[in-house]
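Just so it is clear: chains get the letters A, B, ... in the order the sequence lines come, proteins before strands, and each one is counted from 1.
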Amino acid sequence: MSHIEAQEAEAGVGESLPDRAPQKSVRRQMLAEFWFYFSENKGAVIGLCVFALVVIIALAAPIIAPHSPTLQNRDALLIPPFWEDGGRLSYLLGTDAVGRDILSRLIFGARYSLFIGVIVVVIAVSLGIAVGLIAGYVGGWVDTVIMRVMDIILAFPSLLLALVLVAVLGPGLTNAMIAIALVLQPHFVRLTRASVMAEKQRDYVTAARVVGAGPIRLMVVTILPNCLGPLIVQATLSFSNAILDAAALGFLGMGAQPPTPEWGTMLAEAREFILRAWWVVTFPGVAILITVLAINLVGDGLRDALDPKMKRS
Amino acid sequence: MFKFLLSRVAVLIPTFIGVSIVAFAFIRLLPGDPVQMLAGERVVSPERHAEIMHALGYDQPIIMQYLDYIWRLLHGDFGTSIVTKRGVIGEFFKLFPATLELSFCAIIFAVALGVPAGVFAAVKRGSWFDQTVMGAALVGYSMPIFWWGLLLIILFSGTWHLTPVSGRIDLLYFFPKGTGFMIYDAAVSGQKGALRSALSHLILPAIVLGTIPLAVIARQTRSAMLEVLGEDYVRTAKAKGLSRFRVVGIHALRNALIPVVTTIGLQVGVMMAGAILTETIFSWPGIGKWMVDSVFKRDYPVVQGGLLLIAMVIMFVNLVVDLLYGVINPRVRVR
């Protein structure tokens, strides 16, 4: 029995559902197929679980954080984690140079990182898809101009361009997010354009045009859904890139500003203590690494599940 | 081949113009008055203000200003630092060897480990070795390298006292007629312990900067190798009775390396971004640290010139990769 038959059996295809709600059944079957490939990749499932955990932590931050992320305690400066000599159970991961609880700051930091990731990806994806659709669908000089502009953005190292943009706009989280989104969006433009150009020639598009669909409808309703696979994968990768770049900007002092408990900013504040208090440096980095790794694992799984060419390789 | 070269260079011209427009626009997008920025705290009379505006060419139409900017670029004038009063291009070439040396060592590190790891992972597909390498590659790919650098400093410099924390060489050593490439200078100078000192300063930054390229190269080599190993000609080579080493190492690897070379080239941009962070952490006196410092000092002519020069370096490297690609894969040239 092939895997498709296996899923069909699993999803109950061919039993009783199809005649009642064919549309729904097709959707469900597609979802089942997607989950079949995705769940084959154990790493991806683990990544998804870890990511879900980070999301829950971020949402429940005020409930689960033992202390306020900005409350300074003069009696507890640079307290080591609880398992080290001098550690206290009330500060599980120790405190920083002004006596703030590191665990609580990390928990609240998850909010910033996920927020940055979501906003940046939403801006980059929507802008990138819109521009890419136009470039791919219209073609001609419009396409040439758009792609040259994208080449120019890609000619600069992303972090450098983001750094310079932030220098123009002024340091801060909002400007850092705008800069990162701008730097990431050419990838979406290129991907969308390539898929649109491949799909545009297909018979089903011609059929839709003959039936009388206008250009907007052709672009958004007919063509776009068939280009989504690679875009979703790229969006996942951009999500992790956005978190990394925002942390890097924070680390350079150009992103979120202290006392914001953003992970990169925390690292920047901790730099002068690296040889005295390893915990203030180690834990924010671990948090970044775990989050980014989880998202990248999910991205790998999504690619296996959504990209027909990569399947079974 | 010459025609191929020309066509590739021609494509670069519009990109260069665009990049120069970005660099030109950057300084004009800055909030504030350019004369006030130069004057700092001092008060400038309206007449003097107009005079400086005229001297800087700010009273010209914007298109004339841009053409003037290009004209000066073509004559090697990339602006003058507000802080040091020295030409940007001179500073760039003084600091560039440090970044070049670091990036070169990082890419050697990444290729020397990444290509063999990818090849073995592909050959032993599904084994524990493959899974370990791919797991490690994913961790490396997800690594916040600014944190990775700090962690290595804590371990190697703080705990084990094996390597220095920052800089390029001990203060003991000085090379009056240095080329800027510290390893070479130290080796040629014949001063005792100089080479050792230079290498011990270089090793951690090179590892940190090479980590992400290493992960990307290992993954790319593995997938390219897997694709090639499934080809008919590899099966033929095996059937002829050639040794496993010959089939994998010569027949398959040569074709598998084609996409890998492109990947290595693409890593140059990643390296320049990485250099910004790595050089900041290790106080490495290169281009990346120079740019960050200039942003902080609001030395905008340096940021503008540096931005343009770095983009030009990346464009140049991409051109070389493109040409190399044509050499190792003749099919590209015919298009």
Evaluate M272(B) against F156(A) for side-chain contact (heavy atoms from CB on, under 4.5 Å), listing each step before the verdict.
CA-CA 9 Å; M272(B) 286 309 297; F156(A) 296 102; over 6 Å; no

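- Atoms CZ and CG, on R219(B) and D300(A) in that order, are 4.5 Å from each other to the nearest 0.5 Å.
- If you measure heavy-atom distances from I243(A) to chain B, you find no contacts under 4.5 Å at all.
- Both the backbone and the side chain of L160(A) come within contact range of chain B, each with at least one heavy atom under 4.5 Å from a heavy atom of that chain.
- Ranking V164(A), V166(A), L293(A), N241(A) against chain B, the residue ahead of the rest is L293(A), based on heavy-atom pairs under 4.5 Å.
- With a 4.5 Å cut-off on non-hydrogen atoms, V19(B) touches chain A through its backbone and its side chain both.
- Options L277(B), L308(B), L151(B), V303(B) differ in how many heavy-atom pairs under 4.5 Å they form with chain A, and the most are formed by L277(B).
- Atoms CG and CD1, on L152(B) and I274(A) in that order, are 10.5 Å from each other to the nearest 0.5 Å.
- Both the backbone and the side chain of V139(B) come within less than 4.5 Å of a heavy atom of chain A.
- Among F296(B), F16(B), Y141(B), the residue with the largest count of heavy-atom pairs under 4.5 Å with chain A is F296(B).
- If you measure heavy-atom distances from L307(B) to chain A, the contacts under 4.5 Å come from both the backbone and the side chain.
- Other residues, nucleotides and ligands contribute at most 12 non-hydrogen atoms within 6.0 Å of the CH2 atom of W148(B).
- Listed here is the closest heavy atom pair of L244(A) and F146(B): O-CE2, 4.1 Å.
- With a 4.5 Å cut-off on non-hydrogen atoms, T282(A) touches chain B through its backbone and its side chain both.
- With chain A as partner, the option from I145(B), V22(B), V313(B) having the largest number of non-hydrogen pairs under 4.5 angstrom is V22(B).
- With a 4.5 Å cut-off on non-hydrogen atoms, L138(B) touches chain A through its backbone and its side chain both.
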Please walk me through it: do L289(A) and W147(B) pass side-chain contact (heavy atoms from CB on, under 4.5 Å)?
CA-CA 9 Å; L289(A) 178 60; W147(B) 172 72; 4.0 Å; yes

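- Contact count against chain B (heavy-atom pairs under 4.5 Å) is highest for I152(A) among I153(A), L163(A), I152(A).
- Residue F38(A) places its CZ atom among more than 12 non-hydrogen atoms of other residues, nucleotides or ligands, all under 6.0 Å distant.
- Contact count against chain B (heavy-atom pairs under 4.5 Å) is highest for V281(A) among I288(A), I290(A), V281(A), T291(A).
- Contacts of I281(B) with chain A are made by both backbone and side-chain atoms, with heavy-atom separations under 4.5 Å.
- Rounding to the nearest 0.5 angstrom, the gap separating the CZ atom in F251(A) from the OG1 atom in T280(B) is 7.0 Å.
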Pair L252(A)-V295(B), side-chain contact (heavy atoms from CB on, under 4.5 Å): steps then yes or no:
CA-CA 10 Å; L252(A) 291 172; V295(B) 167; over 6 Å; no

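- Between atom CZ of residue F273(A) and atom CG of residue L150(B) there is a gap of 13.5 Å, rounded to the nearest 0.5 Å.
- Per-residue heavy-atom pair counts under 4.5 Å with chain B were compared for L169(A), L154(A), L159(A), and the maximum is reached by L159(A).
- Taking 4.5 Å as the limit, every side-chain heavy atom of V292(A) sits out of range of all side-chain heavy atoms of P144(B).
- Heavy atoms closer than 4.5 Å to chain B are found nowhere in D245(A), neither backbone nor side chain.
- Of the inter-residue distances, the one linking I295(A) atom CD1 with S142(B) atom OG reads 9.0 Å to the nearest 0.5 angstrom.
- W141(A) CH2: 12 or fewer foreign heavy atoms inside a 6.0 Å radius.
- One distance of note links CZ of R148(A) with CD1 of I17(B); it measures 11.0 Å at 0.5 Å rounding.
- Interface remark: V149(A) contributes no atoms to any contact with chain B (heavy atom separation under 4.5 Å).
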